[in-house]
Undergrad: 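Have a look at the structure that comes next, please.
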Amino acid sequence: MERLIIFDTTLRDGEQSPGASMTREEKLRIAKQLERLRVDVIEAGFAASSNGDFEAVRAIANAIKDSTVCSLARANDRDIGRAAEALAGSDNKRIHTFIATSPLHMEKKLRMSPEQVFEQAKLAVRFARQFTDNVEFSPEDGYRSEADFLCRVLEAVIKEGATTINIPDTVGYAVPELYGEFIRSLRERIPNSDQAVWSVHCHNDLGMAVANSLAGVKIGGARQVECTVNGLGERAGNTSLEEVVMAVKTRRDYFGLEVGIETQQIIPASKLVSGITGFVVQPNKAVVGANAFAHASGIHQDGVLKARETYEIMRAEDVGWHANKIVLGKLSGRNAFKQRVQELGIPVDSESEMNAAFAKFKDLADRKAEIFDEDIQALFSDESVTPHDEHFKLLSLSQHSETGERPHAKVVLSIGNQEVAAESDGNGPVDASLKAIESRVGSGSELLLYSVNAITSGTESQGEVTVRLARAGRIVNGVGADPDIVAASAKAYLSALNKLYSDVERLNPQTSLAP
């Protein structure tokens, strides 16, 4: 069977989600997990967008050996040269250059004539070929471009040496049949179309990104899909990697294609991306949602017990869900904990990180009788395990809430080397606790998001809280987990504050609209 190339852009297009910015170390952790997932191409970032993104691309290019590492670049010498410099340490690299080709974008955004765009596209690919023979070209807003002009541009860039041609539905305007036919028409009309791999890159504004991408593959003949873990991305997100991969594998009879993805690494990748970015996966999300393989209906339960295939078209364990939920308790030792962490595919960069997580595990086991796989994964999402710079640290918290009385909270913090106490009333215990913290910190930040997710079922479940703060144009996420939801909220708030005050550069989403 033919091979479908999986091009992951979680670290570039996914990072354009407001609040999803990452540090270099966080990007590197995700890149290593994508390598374990056996992604074909990892788009590591937009090297020319900032010094921080340049360093992240360079670190990933030096570390990743089994996947192609790619950097995005606008169609100009500076961007392409910067991408080439960042990718220099990789033996398997790609430069992905783009320029807008729709009448709207050329006139309103670029303020360039079609002829200028045509020449710029050719020059960009020609220049990129000086650094690598693996060059991808994208006509931004390609789906809304005039077909005659687009054919002329694409024929020219293939002549200049572009080896992959990507057709972006940049604004999520396409519908499946028309998008597939559009790509097929381009391939039929362009004389040298067979000299490049054709790719699809779809956004989910109308909820059809996966359907459009698969139509581009089946109808249009594309052999590369650009996607992100959990469908992460700006606005409504991008094509979901896990959905495309499992659709092609499950319906191999229809698509007739192979993918090289190690599917058991899908859940670890999903949880890592969710934990780092703070974007919680909805329970009913296909493949990676908590309810993706759950059955509430008695008829469904009876059918699955008799024959799994009656209501399940995929096996949960094939994508990384584990049937063995209860694994450890308070009597479990470090070796048992370490072995389970490895079985779950959780990346651990150092012994100090493992030791910190084990200490958290022992503390949790004293408070919670049964430790589930999800609890262990949450230990590594809880950023108190691997703090960036713990300028603020929660020492203790107490709160009082009673019907008919206004809730009150007292907190003790360490700020730098100083221990301070604060208290406040609030509309609820969480509100009172966060107001008490803010009264001493005085960050002046704006709370953009407060989200609570139960890690497992039952009243003993840990709560995982995500807090998103904004200040002076900077947006950060904080994550905290604890059986006490008020304590988890305080941890998440302090985690976000530590990022606001940290010297570690967080790589802000690229401001220029890319494919």
Side-chain angles (χ1 to χ4, degrees), residues 3-11 13-14 17 20 26-27 29-43 64 66-67 202 204 209-211 213-214 217 224-233 237-252 255 257-277 279-294 308 312-325 340-348 372-374 376-378 380-381 453 455-456:
R3 174 78 171 268
L4 181 64
I5 297 167
I6 300 299
F7 177 112
D8 182 272
T9 184
T10 303
L11 299 176
D13 206 341
S17 301
E26 289 168 339
K27 277 196 161 193
R29 283 187 70 191
I30 291 175
K32 289 178 178 178
Q33 177 58 35
L34 293 174
E35 186 178 35
R36 282 188 284 272
L37 186 61
R38 300 186 67 81
V39 162
D40 297 292
V41 184
I42 300 172
E43 189 165 51
I64 299 301
D66 296 332
S67 301
C202 299
N204 204 40
V210 171
S213 295
L214 293 175
V217 170
Q224 175 178 286
V225 174
E226 305 196 357
C227 46
T228 62
V229 175
N230 298 336
L232 188 68
N238 287 268
T239 299
S240 167
L241 179 149
E242 58 275 6
E243 294 177 24
V244 165
V245 167
M246 294 313 295
V248 172
K249 287 184 72 70
T250 304
R251 294 305 310 270
R252 187 179 301 177
F255 291 103
L257 296 169
E258 295 282 0
V259 290
I261 296 296
E262 181 61 53
T263 59
Q264 290 184 338
Q265 292 295 325
I266 285 176
I267 294 300
S270 172
K271 290 184 179 296
L272 180 64
V273 170
S274 177
I276 285 177
T277 62
F279 280 70
V280 176
V281 176
Q282 68 193 56
N284 62 328
K285 171 76 166 63
V287 183
V288 295
N291 292 347
F293 295 90
R308 180 189 59 81
E312 287 188 357
I313 59 172
M314 301 173 282
R315 297 195 314 162
E317 53 268 35
D318 287 344
V319 298
W321 290 109
H322 294 272
N324 181 20
K325 293 288 186 179
R340 192 64 191 132
V341 169
Q342 292 171 345
E343 290 172 355
L344 290 171
I346 299 171
V348 181
F372 294 77
D373 288 348
E374 292 88 347
I376 296 173
Q377 287 159 334
F380 291 86
S381 298
N453 179 48
I455 293 173
T456 58

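Computed over heavy atoms, backbone and side chain alike; hydrogens, waters and symmetry mates excluded. By convention here, the first residue in the shown sequence is residue 1.
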Undergrad: Start with the C-alpha distance between Val244 and Val217, add both sets of side-chain angles, then the distance that settles side-chain contact (heavy atoms from CB on, under 4.5 Å), and finish with yes or no.
TA: CA-CA 10 Å; Val244 165; Val217 170; over 6 Å; no
Undergrad: Name all residues meeting the salt bridge (Lys or Arg N to Asp or Glu O under 4.0 Å) criterion together with Lys285; count only those two or more places apart in sequence or in a different chain, and write none if there are none.
TA: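 Scan of Lys285 (salt bridge (Lys or Arg N to Asp or Glu O under 4.0 Å), adjacent residues dropped) gives Glu242, Glu243.
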Undergrad: Under the side-chain contact (heavy atoms from CB on, under 4.5 Å) rule, what do Val41 and Asp8 come out as? Steps first, then yes or no, please.
TA: CA-CA 6 Å; Val41 184; Asp8 182 272; over 6 Å; no
Undergrad: Once you round to the nearest 0.5 Å, how far does CZ of Arg36 lie from CD of Gln264?
TA: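 Here the interatomic distance stands at 14.0 Å.
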Undergrad: Quick check: closest heavy atoms across Ala31 and Ile64, and the distance to 0.1 Å?
TA: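 Nearest pair, atom of Ala31 first, then Ile64: O-CD1, 3.7 Å.
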Undergrad: Applying side-chain contact (heavy atoms from CB on, under 4.5 Å), run through Thr263 and Met246 and close with a yes or a no.
TA: CA-CA 8 Å; Thr263 59; Met246 294 313 295; 3.9 Å; yes
Undergrad: For the pair Lys249 and Asp318, evaluate salt bridge (Lys or Arg N to Asp or Glu O under 4.0 Å) and give the outcome as yes or no after the intermediate values.
TA: CA-CA 11 Å; Lys249 287 184 72 70; Asp318 287 344; over 6 Å; no
Undergrad: On a heavy-atom basis, which atom in Gly289 and which in Val281 lie closest, and how many Å separate them?
TA: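 Taking every non-hydrogen atom into account, CA-CG1, 4.1 Å.
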Undergrad: Quick one: CG on Leu232 to CG on Asp13, what's the gap to the nearest 0.5 Å?
TA: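 Taking CG in Leu232 and CG in Asp13, the distance rounds to 9.0 Å.
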Undergrad: Quick one: are Arg29 and Leu272 in side-chain contact, heavy atoms under 4.5 Å?
TA: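 Arg29 vs Leu272: side chains touch.
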Undergrad: Hey, does the side chain of Thr250 reach the backbone of Ala247 with a donor-acceptor pair shorter than 3.5 angstrom?
TA: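 No, Thr250 side chain to Ala247 backbone: no donor-acceptor pair under 3.5 Å.
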Undergrad: With rounding to the nearest 0.5 angstrom, report the CD1 to CD distance, Ile267 to Glu317.
TA: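 Result: 11.5 Å between the selected atoms.
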Undergrad: Can you name the salt bridge (Lys or Arg N to Asp or Glu O under 4.0 Å) partners of Glu35, sequence neighbours left out?
TA: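 Testing Glu35 for salt bridge (Lys or Arg N to Asp or Glu O under 4.0 Å), a comparison that skips the adjacent residues, returns none.
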Undergrad: State, with a plain yes or no, whether a side-chain heavy atom of Phe7 is found less than 4.5 Å away from one of Val225.
TA: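 No. Closest side-chain heavy atoms not under 4.5 Å.
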Undergrad: Check whether any side-chain heavy atom of Val288 sits under 4.5 Å from a side-chain heavy atom of Val319, and report yes or no.
TA: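 Result no, sub-4.5 Å side-chain heavy-atom pair not found.
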Undergrad: Going by an N to O cut-off under 4.0 Å, is there a salt bridge joining Glu258 and Arg252?
TA: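 Result for this pair is yes, salt bridge flagged.
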Undergrad: Could you tell me which non-hydrogen atom of Arg38 sits nearest to which non-hydrogen atom of Ile261, and how far apart they are?
TA: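 Closest pair (atom of Arg38, atom of Ile261, distance): O-CD1, 3.6 Å.
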Undergrad: Please give me the minimum heavy-atom distance between Ser274 and Val280, naming the atom from each residue.
TA: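 So the two residues come closest at OG-CA, 3.7 Å.
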Undergrad: Heavy atoms only: give me the nearest Leu34-Val229 pair and the separation to one decimal.
TA: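 Heavy-atom minimum between the residues: CD2-CG2, 3.9 Å.
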Undergrad: Measure the shortest side-chain to side-chain distance between Ile6 and Leu37 over non-hydrogen atoms and say whether it is less than 4.5 angstrom.
TA: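 Counting from C-beta outward, Ile6 and Leu37 never come under 4.5 Å.
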Undergrad: Between Gln224 and Leu4, is the side-chain contact (heavy atoms from CB on, under 4.5 Å) condition met? List the steps.
TA: CA-CA 6 Å; Gln224 175 178 286; Leu4 181 64; 5.7 Å; no
Undergrad: Any heavy-atom pair between the side chains of Lys27 and Ile276 that's under 4.5 Å?
TA: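 SC-SC contact between Ile276 and Lys27 ruled out.
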Undergrad: Listed by chain and number, what are the salt bridge (Lys or Arg N to Asp or Glu O under 4.0 Å) partners of Asp66, not counting sequence neighbours?
TA: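 Not a single residue meets the salt bridge (Lys or Arg N to Asp or Glu O under 4.0 Å) criterion with Asp66.
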Undergrad: Under 4.5 Å between any side-chain heavy atoms of Thr239 and Thr228, yes or no?
TA: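 The answer is no, as the side chains (C-beta and beyond) never meet within the 4.5 Å cut-off.
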Undergrad: If the condition is salt bridge (Lys or Arg N to Asp or Glu O under 4.0 Å), which residues does Glu262 pass it with, not counting sequence neighbours?
TA: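 Once residues adjacent in sequence are excluded, Glu262 has no partner under the salt bridge (Lys or Arg N to Asp or Glu O under 4.0 Å) criterion.
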Undergrad: Would you say the side-chain atoms of Asn230 pair up with the backbone N or O of Ser270, donor to acceptor, closer than 3.5 Å?
TA: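 Confirmed, Asn230 side chain pairs with Ser270 backbone.
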Undergrad: Check the pair Gln33, Gln265 against side-chain hydrogen bond (donor to acceptor under 3.5 Å, both in side chains), reporting the backbone distance first and the verdict last.
TA: CA-CA 8 Å; Gln33 177 58 35; Gln265 292 295 325; 2.9 Å; yes
Undergrad: Can you sort out the partners of Thr277 under side-chain hydrogen bond (donor to acceptor under 3.5 Å, both in side chains), two or more places apart, ordered by chain and number?
TA: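 Testing Thr277 for side-chain hydrogen bond (donor to acceptor under 3.5 Å, both in side chains), a comparison that skips the adjacent residues, returns none.
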Undergrad: Hey, are the side chains of Asn238 and Cys227 touching, using non-hydrogen atoms and a 4.5 Å cut-off?
TA: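 Counting from C-beta outward, Asn238 and Cys227 never come under 4.5 Å.
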Undergrad: Taking side chain to side chain contact (heavy atoms under 4.5 Å, CB included) as the definition, give me every residue that meets it alongside Arg251, ordered by chain and number, with sequence neighbours left out.
TA: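 If we apply the side chain to side chain contact (heavy atoms under 4.5 Å, CB included) test to Arg251, skipping adjacent residues, the hits are Asp253, Tyr254, Phe255.
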